[in-house]
Amino acid sequence: MPSYTVTVATGSQWFAGTDDYIYLSLVGSAGCSEKHLLDKPFYNDFERGAVDSYNVIVDDELGDIQLIRIEKRKYWFHDDWYLKYITLKTPCGNYIEFPCYRWISGESEIVLRDGRAKLACDDQIHILKQHRRKELETRQKQYRWMEWTPGFPLSIDAKCHKDLPRDIQFDSEKGVDFVLNYSKAMENLFINRFMHMFQSSWSNFADFEKIFVRISNTISEQVMNHWQEDLMFGYQFLNGCNPVLIQRCTKLPVNLPVTTEMVECSLERQLTLEQEVELGNIFVVDFKLLDGIDVNKTDPCTLQFLAAPICLLYKNLANKIVPIAIQLNQVPGDENPIFLPSDAKYDWLLAKIWVRSSDFHIHQTITHLLRTHLVSEVFGIAMYRQLPAVHPIFKLLVAHVRFTIAINTKAREQLICEYGLFDKANATGGGGHVQLVQKSMQDLTYSSLCFPEAIKARGMDNTEDIPYYFYRDDGLLVWEAIRAFTAEVVDIYYGSDQVVEEDQELQDFVRDVYVYGMRGKKASGFPKSIKTKEKLSEYLTVVIFTASAQHAAVNFGQYDWCSWIPNAPPTMRAPPPTVKGVVTIEQIVDMLPDRGRSCWHLGAVWALSQFQDNELFLGMYPEEHFIETPVKEAMALFRKNLDTIVSVIAERNKNKKLPYYYLSPDRIPNSVAI
């Protein structure tokens, strides 16, 4: 009688094991086996991290094994089981791998195919076509689109984390509880004694050191020591945690009536302002999206304020970027003066503080929340709805949407919801952050997610002309490494452009992103379909780069750049100045966040800057969804290319007081998970 050796691997995460009864059936081309209980006497089967083997004897020849059916039935009480994979040794000595990497909950069953990636056109056998179709039908019932707020990209239909499909939940919900994590962060930073001191102002700038954690030679300490300097102010637009706004100025903004006479003391080449513009030495950061946004009114005891500045910057003879003019609101006029480096010290300092505060709001809501978290969730939902587990694109992308839907669901549950944590310390809380996302959806285009195109569109692509833009330099290296990897995977499974065009599951995935994620907006430039291998590779690069590198670049530097409160105030408690020459340092300190809001802000940027436990970094694929040698070789080459980039970045950062490491691949998590 034919005998099969079945090896079963249980996950190593908490509560992955089970005491339930596990049954296995084999489905072959010549017949199906009976159900076999996988059980060894006097042995605790399926413990966390265990790899267990069983002999399964069948009555008749089954032919080529096509599917494995796993059933879980209650033993004592219901528990979930995380099945990593099953390996089958056939009677003739061949090994067949069946990847799973899924939770099996309650009394249920799953049916697995072998691990070879297949397009729909590769499946000619009815039972395999049927399995493929049923999997997608089930997933589309589980992963439903929902409008959380009008104007947002659609998100997952789940009110809270526990409503999500078990496969995309966090292993431990406690680890991503924002309230718990922020409170714990404040406790770890020894600032919890201040956390309830709302309306209590700090005495002076030095007073902020009471909640500042000094870690020698870190970027945050450099910021604390140099935040008032123009060089530090300009540098942050290139390599801070929001390096995506600065653009080369090709024409002076019509609503910024700045003249050569105003800024001539800052122009080092003895040229007019217009001539400097023509030479490409003038840059602009415009915070017009903040114009008209409602301020946070959730605390009636504290008035909070926003501005919508325009900041003009100059590349000096040392090729460093420095500010030369700041207007704090969009409409010019007598009560909206243009602040200059030649103004009184505190006038100029306050103008820069307003810009830094505005930059913080745009960063948190648009650069970070919308353009990494929400966009990656759209890709993730569409993937689960339209690509079966056997599809090569599913196998490629699944690691890059790990926990993304879960973290966003927690954010909607605790962070950005009405009366959520975002309201505690931020001037855009209480609904302003929602308005910002709605306004900025018009700028969310496909080309703006293509890293090289986005850099070029802002006129920031010339490496000789702008030599210290490390975000651009490192980002292009990582983008190219990802693009080369995706191109190789596409080549393995798609023999021609026609195969791409005829892959209906792929086209449904792309269409789901366009119709639901981008709300069918033609102006977004998101493709409705993909017709070539080259465009498919680019699309996959956008998905992976956004989820990994782009998120890392704008997330993990938050403590470095925002922990010194005056450098990134989450709120301002007095309106922008309307005249020059009257502000005092005492007034500036009173405008900055009070002690309570400062502590909540610090707890937030600390918690958001931490990696997850057991973080998986770019190029790490411990779940072996792919089993084919050519793809494994492509992965190995990808890791090798990433290691080279790590070395290049490490060499450049040697002896730098302000090293830039956010895009070093060994610091880029695979997915948006925090």
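The figures that follow rest on heavy atoms only: side chains count, while hydrogens, waters and symmetry mates do not. Along the sequence shown, residues carry numbers from 1.
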Q) So, Trp81 versus Thr10: side-chain donor-acceptor pair below 3.5 Å or not? A) yes
Q | Lys/Arg cation over aromatic Tyr23: Lys35, 6.0 Å, 45° cone | A | yes
Q. Cut-off 3.5 Å, side chains only: do Thr546 and Ser376 have a donor facing an acceptor?
A. no
Q.
Pairing donors with acceptors under 3.5 angstrom, does anything connect the side chains of Ser33 and Ser25?
A. no
Q) Under 3.5 Å, side chain of Arg385 to main-chain N/O of Tyr143, donor-acceptor pair present? A) yes
(Q) Tell me whether Asn670 contacts the main-chain N or O of His400 through its side chain, where contact means a donor paired with an acceptor under 3.5 Å. (A) no
Q.
Please check: side-chain N/O of Asp171 versus main-chain N/O of Trp14, any donor-acceptor pairing under 3.5 Å?
A. no
Q. What do you reckon, are the aromatic ring centroids of Phe526 and Tyr514 less than 6.0 Å apart?
A. no
Q) So, do His551 and Tyr662 have ring centers that fall under 6.0 Å from each other? A) no
(Q) Quick one: does any side-chain atom of Gln504 pair with a main-chain N or O of Glu501 as donor and acceptor, under 3.5 Å? (A) no
Q. Just checking, Lys40 and Tyr54: is the charged tip under 6.0 Å from the six-membered ring centre and within 45° of the axis?
A. yes
Q) Hey, is the main chain of Ala399 close enough, under 3.5 Å, to the side chain of Glu623 for a donor-acceptor pair? A) no
(Q) Donor-acceptor pair, distance only, cut-off 3.5 Å: does the side chain of Lys395 make one with the backbone of Gly115? (A) yes
Q: Kindly say whether Arg113 contributes a backbone atom to a donor-acceptor pair with the side chain of His131 at under 3.5 angstrom?
A: no
**Q.** Plane angle bin for Phe379 and Tyr539 - parallel if under 30°, tilted between 30 and 60°, otherwise perpendicular
**A.** perpendicular
Q.
Can a donor-acceptor pair be found, under 3.5 Å and without considering hydrogens, that links the side chain of Ser548 to the backbone of Ile544?
A. yes
Q | side chain to side chain contact (heavy atoms under 4.5 Å, CB included), paired with Asp45, selected from Val8, Asp39, Asp20 | A | Asp39
Q: For the residue pair Pro153 and Leu370, establish whether any side-chain heavy-atom pair is separated by less than 4.5 Å.
A: yes
**Q.** Distance-only donor-acceptor check, side chains Thr532 and Asp497, under 3.5 Å
**A.** no
Q: Just say parallel, tilted or perpendicular for the rings of Tyr101 and Tyr82, cut-offs at 30° and 60°.
A: tilted
